[in-house]
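Have a look at the structure below, then the notes.
Letters go in sequence order (proteins before strands), and every chain restarts at 1.
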Amino acid sequence: MTTAVGLRTHRAGELTEASIGGEVILCGWVAKRRDHGGVAFIDLRDASGVVQVVIHDEAVAHPLRSEFCLRIIGTVTRRPEGNDNPNLATGTIEVEATTVEVLSESAVLPFPIEEHETTPVSDEVRYRYRYLDLRRAESAAAIRLRSRVNQAAREVLLGDGFVEVETPTLTRSTPEGARDFVVPARLQPGSWYALPQSPQLFKQLLMVSGLERYFQIARCYRDEDFRADRQPEFTQLDVEMSFVVEDDVIALGERIVSAAWSLIGHEIPLPIPRITYAEAMRRYGSDKPDLRFDLELVDCTGYFAATEFGVFQAPHVGAVVMPGGASQTRKVLDSWQDWAKARGARGLAYVLVGDDGELKGPVAKNISDEERAGLAAHCGAHPGDCIFFGAGTERSAKALLGAARLEIAKRGGLIDEDAWAFTWVVDAPLFEPAGETDDVAVGSGAWTAVHHAFTSPKPESSDTFDTEPASALAYAYDIVCNGNEIGGGSIRIHRRDVQERVFAVMGLSPEEAEEKFGFLLEAFKYGAPPHGGIAFGWDRICALLSGASSIREVIAFPKTGGGFDPLTSAPAPITDAQRKEAGVDFVPDPASPA
RNA sequence: GGUCCCGUGGUGCAGUUUGGAGUGCACGCCGGCCUGUCAAGCCGGAGGUCGCGGGUUCAAAUCCCGUCGGGACCGCCA
């Protein structure tokens, strides 16, 4: 006698030899049909896996097609001698069907559900039919893993006294950062909500409220152009704590990341190493260095201080060595020029170190004998290597070389794809010059926050950050995994006077600050506790954990690069009636808001 | 805003460089045969506005211009 749970007694993938002889009722989809005329085999798939169903009645089996949804009543039997399928968890048994009920027929599929090496499917088609794509084991696995990552983080946080709070998604537009998505307010024509770019201000208010420990798996919205790892809506694991210092937040962050990676069987050695922003930029030319390989940049500014070579007469000259790069063909070396130009550089100067130690290439002809003599040694290059140079402002040269370092590693196979290299990047600058370019001198007077406007200066910068903004350090920390920034946070400003001074450096007048952030400044009047926190890029973390090349793989219903949802066809026009009711055509009085 | 790549039966491709009949491959689909397959097999068949628009040409999937869609990257993303 079988006991049904819902429409079935068992899950297909969980049947074992222990069930042999018993009657079972299964529900699932036709993954495969192999019809031999007198006998037919159905691979029946449900969420738990697959089991082979045998149907001896041709009249029953023949009309069945891929992805029909079936209810099978049958008996579990041992497969006949020699018919086991070692590739299947349930490969030693099968279900002899006595009753086949078609719960739902399936139209012909736009693409095969079961994976075939010979039939890859474009992402565009997969996302257009995402509900079918998610029947595929690999696609579903990423979404299931994400659920477990959520659970792992919640366990760490709830076990530590954190309170999960949902903050508004209809909120106020803030002037800093990315472009807002806006929503018309029907009851106040001409006024608009904004969707939050992050719960930043709300979580700080929750600290003022005395919650002390907050977290949220928070949906965030930014109306910017997209990338493989960027969607218009995305998710952060957002955390904030009162009465903590940097080390406390970092330690908690490590526990969360550690719990997440242990889900895929990787134990992260703790503590995760830390590197300062300045050192990361100096050695790797990036504030999110990929430490799966060693290659480091070399500073050649002093070496070429008196050079006659015009290209190297720049505020900063740096180099990065490509091991074995001297054997690259002219065509490949040209491709590096295209690569550099695509990044906005004029080109990528290079020197080839011959097997005899002789320097070759156009740059080698343009530098002095003296400069040639010691160059390979200065850069740490060996015979057979290629040295790439970047010259310009320190920022642009290092950015180019940092990118070249990554590209060298990719082309040269220097990256261990199985490695996980974590690091904290700490002590970032508090401000950076707004609109710096190669041609404009630093010091135009306009500064912008490197992290965000609510990041506290480090204690040693607290007196001087507004008089010497260039050298002020932020009480901030980013966590980087394999060259991806997977989280970032800071100790926040909790004093109204400090917050006002930061706004002033950024060129925000007291009136503007009051207009935009008055509610925060007001809250800080009422005994705001020192606090800090961190936000993790949850989609990116889940993508890394599932081995996906794009965060789209860990988003149930992702959008394309144009912000288009291929499944629902959003965004879409609305009716005239909707426009009228929403008030989107309301034209405000030109005199108000500034 | 910019650079590059892609768009060909339902799916994934080849064909485009050097213009010549919608040509080919794999999977899927439909029909038939088939009692032990598991990417079942065998036989037969259907299925196309070569993204769209314009231009050049006797002739365009192929060359040119524009446009739309997808992807990667730069800018942007506090």
Contact under 4.0 Å: A:R65 side-chain N or O vs B:C30 OP1/OP2: yes
Nearest-angstrom distance from the residue atom CG of A:D229 to C1' of B:C76: 13 Å
Any donor-acceptor N/O pair, A:T90 side chain to A:V50 backbone, under 3.5 Å: yes
Distance, P atom - from B:U16 to B:C64, rounded to whole angstrom: 14 Å
Sugar-phosphate, base or nothing in reach of A:Q231, heavy atoms under 4.0 Å: nothing
Whole angstrom value for the distance that separates P of B:G70 from CG of A:D225: 13 Å
Criterion ring-ring contact (aromatic ring centres under 6.0 Å, His included) on A:Y127 and A:F557, from CA distance to verdict: CA-CA 7 Å; A:Y127 297 142; A:F557 298 103; 9.8 Å; no
base_contact_polar (B:G71 base, A:D123 side chain, donor-acceptor, <3.5 Å): no
Nucleotide of B:U37, B:G32, B:G70 approaching A:F564 most closely (side-chain heavy atoms): B:G70
Distance test, side-chain N/O of A:N83 to OP1/OP2 of B:U37, below 4.0 Å: yes
Salt-bridge contact A:E500-A:R496 (side-chain N to carboxylate O under 4.0 Å): yes
P gap between B:G12 and B:G75, integer Å: 32 Å
G-U wobble or Watson-Crick pairing nucleotide for B:G66 (cut-off 3.5 Å, both distances): B:C52
Within 6.0 angstrom of A:R78 CZ, more than 12 heavy atoms from elsewhere: yes
Touch class at under 4.0 angstrom, heavy-atom based, for A:P110 against every strand present: sugar-phosphate
B:G71 and B:C33, which share atom name C1', separated by this distance in whole Å: 45 Å
Base of B:U11 and ring of A:F111 stacked, centres under 5.5 Å, planes under 30°: no
G-U wobble or Watson-Crick pairing nucleotide for B:U16 (cut-off 3.5 Å, both distances): none
Sugar-phosphate, base or nothing in reach of A:S122, heavy atoms under 4.0 Å: sugar-phosphate
Heavy-atom donor-acceptor pair, A:R79 side-chain to B:C38 base, under 3.5 Å: yes
Sugar-phosphate only, base, or nothing, as touched by A:E124 at under 4.0 Å among non-hydrogen atoms: sugar-phosphate
Residue mapping more 5' on RNA chain B - nearest nucleotide basis, A:E432 or A:K559: A:K559
Strand partner of B:A72, provided both Watson-Crick or wobble distances fall under 3.5 Å: B:U3
P spacing across the pair B:G47 / B:G53, given as an integer number of angstrom: 23 Å
Spacing of A:F41 atom CZ relative to B:A39 atom C1', expressed in whole Å: 15 Å
Length of the line joining A:I55:CD1 and B:G36:P, which is rounded to integer Å: 16 Å
Selected nucleotide, minimal atom distance to A:D35 side chain, candidates B:U11, B:C34, B:G71: B:C34
Distance, P atom - from B:C27 to B:G69, rounded to whole angstrom: 35 Å
Pair partner, B:G28 [Watson-Crick or wobble, under 3.5 Å]: none
Sugar-phosphate, base or nothing in reach of A:R128, heavy atoms under 4.0 Å: nothing
Face-to-face contact A:H36 to B:G36 six-ring, under 5.5 Å, under 30°: no
Within 6.0 Å of CH2 in A:W424, more than 12 heavy atoms from elsewhere: yes
Integer-rounded Å distance: B:C30 P and A:L109 CG: 10 Å
Sugar-phosphate only, base, or nothing, as touched by A:A228 at under 4.0 Å among non-hydrogen atoms: sugar-phosphate
Between C1' of B:A40 and CZ of A:R33, the distance in whole Å: 12 Å
Closest listed nucleotide, where the reference is the side chain of A:V108 and the choices are B:C77, B:C29, B:U35: B:C29
Length of the CG-P vector between A:D133 and B:G12, whole Å: 12 Å
Heavy atoms of other groups near A:F226 CZ, more than 12 under 6.0 Å: yes
Phosphate OP1/OP2 of B:A40: any A:K32 side-chain N/O under 4.0 Å: yes
A:E114 CD - B:C38 P separation (whole Å): 15 Å
Gap in Å between the two C1' atoms, one belonging to B:G24 and one to B:A61, rounded: 14 Å
Same-atom distance (C1') from B:G54 to B:C73, integer angstrom: 31 Å
Sidechain N-carboxylate O distance under 4.0 Å for A:R136, A:E114: no
Atom NZ of A:K458: over 12 foreign heavy atoms under 6.0 Å: yes
Donor-acceptor pair under 3.5 Å, A:R227 side chain vs B:G75 base: yes
N/O donor-acceptor pair, side chain A:R230 with base B:C76, under 3.5 angstrom: yes
Donor-acceptor pair under 3.5 Å, A:E224 side chain vs B:G75 base: no
Sugar-phosphate, base or nothing in reach of A:D223, heavy atoms under 4.0 Å: nothing
Base B:U37 to side chain A:Q52, donor-acceptor N/O within 3.5 Å cut-off: yes
More than 12 heavy atoms of other groups within 6.0 Å of A:E138 CD: no
Presence of A:R34 side-chain N/O under 4.0 Å of B:U37 phosphate oxygens OP1/OP2: no
Distance between P atoms of B:C6 and B:C43 (Å, rounded): 37 Å
